[in-house]
Amino acid sequence: MIYRLTYDPAAEAVHGAMPAVASEPLTLALAAACQDPVLATEPYGEDDGVMRMIVTDQAFAVLLVGHALKTIKVLQVTYLG
């Protein structure tokens with residue numbers, strides 16, 4: 001089952017303001033996370049399967065995975081470029 005993706009407003013603003021060369025890999029990684037959030041992400045701190053992160057060449061995203069409701073909330077996006 002596919003997970004539903006939501007954003008914290010500040011994280012969405014950062015992702016939306018990133019140049020395409022940085023935004024596109026993050027978007028693709030988030031799409032992969034919606035298919036399998038544990039396989040497509042890395043642990044953020046303790047590997048509890050809930051707090052996860054995506055790291056690309058130019059961006060970093062912190063995710064909150066809700067397995068019961070099949071949701072992923074993007075809590076933070078940091079543009080590294």
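This one's a predicted model, so the numbers in the text were calculated from it and none came from an experiment.
As a member of the Ile/Leu/Val/Met/Phe/Trp/Tyr network built from side-chain separations under 4.5 Å, L39 groups with nothing else and remains a singleton. Clustering of Ile, Leu, Val, Met, Phe, Trp and Tyr by side-chain heavy atoms under 4.5 Å joins L28 with none of the others. Membership of an apolar cluster is not assigned to I2, as no side-chain contact below 4.5 Å to another ILVMFWY residue is traced.
Nearest heavy atoms, M53 versus P43: CE-O, 3.3 Å. Taking both residues in full, the closest heavy atoms of V65 and G49 are given as CB-O, 3.9 Å, listed atom of the first, atom of the second, then distance. Looking at every heavy atom in both residues, A59 comes nearest to M18 through CB-CE, 3.7 Å.
In this structure P25 satisfies the side chain to side chain contact (heavy atoms under 4.5 Å, CB included) test together with T56, sequence neighbours excluded. Evaluation of the side chain to side chain contact (heavy atoms under 4.5 Å, CB included) rule for A40 yields A32, A33 as partners, not counting sequence neighbours. Scored by the side chain to side chain contact (heavy atoms under 4.5 Å, CB included) test, E46 finds no partners at all (sequence neighbours excluded). For D57, the side chain to side chain contact (heavy atoms under 4.5 Å, CB included) criterion is met by no residue, not counting sequence neighbours.
Counting only residues at least two apart or in different chains, salt bridge (Lys or Arg N to Asp or Glu O under 4.0 Å) contacts with residues 3-12 are absent. Applying the side chain to side chain donor-acceptor pair (under 3.5 Å) rule to pairs touching residues 59-68 yields Y3-H67, sequence neighbours excluded. Identified under the side chain to side chain donor-acceptor pair (under 3.5 Å) test for residues 24-37, with sequence neighbours left out: H15-T27. Annotation: ring pair (Phe, Tyr, Trp, His ring centres under 6.0 Å) contacts involving residues 25-44, sequence neighbours excluded, are absent.
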Check residues 70-81 and write down every donor-acceptor pair under 3.5 Å in which the side-chain atom is one partner and the other belongs to a residue at least two apart or another chain.
residue: Q76; atom: NE2; partner: T78; partner atom: OG1; Å: 3.0

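No path of Ile, Leu, Val, Met, Phe, Trp and Tyr side chains, each step under 4.5 Å between heavy atoms, connects F60 with L63, placing them in separate hydrophobic clusters. Note: the hydrophobic cluster containing Y7 does not contain V50 (ILVMFWY, side chain heavy atoms under 4.5 Å, direct or indirect links). Residues V55 and V38 do not share a hydrophobic cluster, clusters being chains of Ile/Leu/Val/Met/Phe/Trp/Tyr side chains in contact below 4.5 Å. Linking Ile, Leu, Val, Met, Phe, Trp and Tyr residues whenever their side-chain heavy atoms come within less than 4.5 Å leaves V62 and L30 in two separate clusters.
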